[in-house]
Amino acid sequence: MSTHGKPQGLEHELWVPAEDDYHGHPNYLKVYIYLLILFAITVFASLIPNPMIVFIVVFSISIIKASMVILNFMHLKWEPNIIWYMLLLALIALAFLFLGLYPDTVPIERFFVPNG
Amino acid sequence: MNTTSLSKIAWNRIPQARFAMWTLIAGEFVIFGGLIVVYLLNRMKYPGWGEMAMHTNVVAGTINTFVLLTSSFFVVKAHEAAVKKNVEKVKFWIWLTILCALIFLGIKAYEYTHEIHLGFTLSSPALLEQGKHVETLYWALYYTMTGLHGLHVVGGALALFFVMRNVAKTKSYFHRIEAAGLYWHMVDIIWIFLFPLIYLIH
């Protein structure tokens, strides 16, 4: 394999040829402005008097904001499936943690129907 | 924009540094995600936690969120400059990111000072004396989550500084800007979830 034009030494091993930089570069300023708009909505939504509605709205917006950062700024959109699976595995682990600990947070009576 | 289809990219085409960083990020998501899960479950169980959350400084948290979102934009601009091998622009954007990290830490230090002054600490002896054991747990988790996140901010800023210095000195190793940048975005994503949970939901 020709090494013409490649840097030598350690960087030779880590060097990424331009054609292998498969990432796209979206309009970062546009993504940033959208993030700021969603951030402003989050702050105003917190003024709603009902804490449950506040939780649903702000947590949903947080998921959208995090997705925008991870897809566009971290370029996950362009990464191969193996990276997606790795992150999915992390989310599944968290779901198991949530489900495993959930019974500790509700009163025990809710799990048993009285025999009468 | 590069429109290469995902199906055409083989997993072994991922540069080593990028792959290693994604592995680290997946692990970090489990650590912070675990803390967030514990916070959510306890928040559901103990209504007293809502009262405690009202003692956090919403203005400081809001400014810090703006600062971190902006720093994420700066670091992705540094990555863009790194792709073009423009050392001066890489330095410019990374210095701005480090400035954001310092502002974030300064505001967090101010918040901690105020909260400790009010008697809210890792063990909160003043609350224990009043018999508010459950409320003490809130502050223990608050300091664990924000403190661990703060350490990641320090680590990310140091990584960015050393990578930038190395790039400026050698005019190579540009791919490391992207790897350090990925770490920085992760720090931002964690804060995106911590901010509403800690400051906005009472």
Side-chain angles (χ1 to χ4, degrees), chain A residues 7 10-11 13-16 18 20-29 31-32 35-36 39 42-43 45-47 51 54-55 57-59 61-63 65-66 69-70 72-84 86-91 93-95 97-98 101-102 104-106, chain B residues 1-4 6-11 13-19 22-23 25-27 29-30 33-34 36-38 40-42 44-45 50 58 62 65-66 69-70 72-73 75-77 79-80 83 170 172-173 175-176 178 181-182 185-186 188-189 192-193 195-197 199-202:
Chain A
L10 177 64
E11 197 183 1
E13 300 298 323
L14 300 169
W15 190 67
V16 185
D20 271 6
D21 186 16
Y22 47 77
H23 282 167
H25 292 279
N27 186 338
Y28 296 125
L29 185 63
V31 176
Y32 173 60
L35 284 170
L36 288 186
F39 166 53
T42 305
V43 175
S46 71
L47 302 175
V54 172
F55 171 75
V57 172
V58 301
F59 210 71
I61 295 174
S62 294
I63 291 169
K65 273 159 66 188
V69 171
I70 208 164
N72 296 292
F73 285 177
M74 297 172 85
H75 305 102
L76 184 67
K77 238 190 242 184
W78 291 275
E79 292 296 355
N81 291 346
I82 191 166
I83 304 287
W84 288 74
M86 210 152 62
L87 295 173
L88 190 65
L89 197 66
L91 291 179
L94 288 175
L97 182 72
F98 184 87
L101 293 177
Y102 183 73
D104 287 346
T105 64
V106 292
Chain B
M1 187 187 290
N2 190 335
T3 54
T4 310
L6 278 177
S7 59
K8 288 180 187 168
I9 300 163
W11 71 271
R13 274 184 67 191
I14 311 169
Q16 292 166 18
R18 196 185 292 166
F19 186 77
W22 274 112
T23 312
I25 288 168
F29 280 164
V30 175
I36 289 169
V37 163
V38 169
L40 276 175
L41 291 170
N42 280 291
M44 283 158 67
K45 189 174 184 181
V58 181
T62 306
T65 308
F66 172 74
L69 279 179
T70 306
S72 239
F73 172 66
V75 92
V76 86
K77 292 300 283 181
H79 172 211
E80 197 178 43
V83 171
T170 61
S172 58
Y173 301 108
H175 61 282
R176 291 180 183 173
E178 186 197 3
L182 279 174
H185 292 308
M186 176 207 71
D188 180 32
I189 286 175
I192 282 175
F193 286 101
F195 168 64
L197 283 181
Y199 295 90
L200 300 183
I201 303 165
H202 297 150

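Note on naming: letters A, B, ... go to the chains in the order of the sequence lines (proteins, then strands), and numbering restarts at 1 for each one.
Rounded to the nearest 0.5 angstrom, A:Phe55 CZ and A:Ser62 OG are separated by 9.5 Å. Rounding to the nearest 0.5 angstrom, the gap separating the NZ atom in A:Lys77 from the CG atom in A:Asn72 is 4.0 Å. For the atom pair CD of B:Glu80 and NE2 of A:His25, the computed distance is 7.0 Å after rounding to the nearest 0.5 Å. Rounding to the nearest 0.5 Å places NE2 of B:His175 at 11.5 Å from NE2 of B:His79. Rounding to the nearest 0.5 Å places CG of B:Leu197 at 6.0 Å from CD1 of B:Ile36.
Between A:Phe59 and B:Phe193, the distance separating the two ring centers is shorter than 6.0 angstrom.
Of the listed residues (A:Leu87, A:Val54, A:Val31), the one with the most heavy-atom contacts under 4.5 Å to chain B is A:Leu87. Interface summary for chain A: among B:Val30, B:Leu182, B:Leu41, the most heavy-atom pairs under 4.5 angstrom belong to B:Leu41. Comparing A:Leu89, A:Thr42, A:Val69 by heavy-atom pairs within less than 4.5 Å of chain B, the highest count is held by A:Val69.
Residue A:Ile83 touches chain B through its side chain alone, counting heavy-atom pairs closer than 4.5 Å. A:Leu29 touches chain B through backbone and side chain together, each having a heavy atom under 4.5 Å away. Using a 4.5 Å cut-off between heavy atoms, B:Leu69 touches chain A through backbone and side chain atoms alike. Neither the backbone nor the side chain of B:Thr170 comes within contact range of chain A; no heavy atoms are under 4.5 Å apart. When heavy atoms are compared at a cutoff of 4.5 Å, B:Phe66 approaches chain A by way of both its backbone and its side chain. With a 4.5 angstrom heavy-atom cutoff, A:Ile61 does not touch chain B via any of its atoms. Residue A:Phe39 touches chain B through its side chain alone, counting heavy-atom pairs closer than 4.5 Å. Of the atoms belonging to B:Val38, it is side-chain heavy atoms, and not backbone ones, that fall under 4.5 Å from chain A. Proximity to chain B (any heavy atom under 4.5 Å) is shown, for A:Ile63, by both the backbone and the side chain.
Side-chain atoms of A:Ser46 and B:Tyr199 form no donor-acceptor pair, as typed in the model, at a separation below 3.5 Å.
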Under the side-chain hydrogen bond (donor to acceptor under 3.5 Å, both in side chains) rule, what do B:Thr70 and A:Tyr32 come out as? Steps first, then yes or no, please. CA-CA 8 Å; B:Thr70 306; A:Tyr32 173 60; 2.7 Å; yes

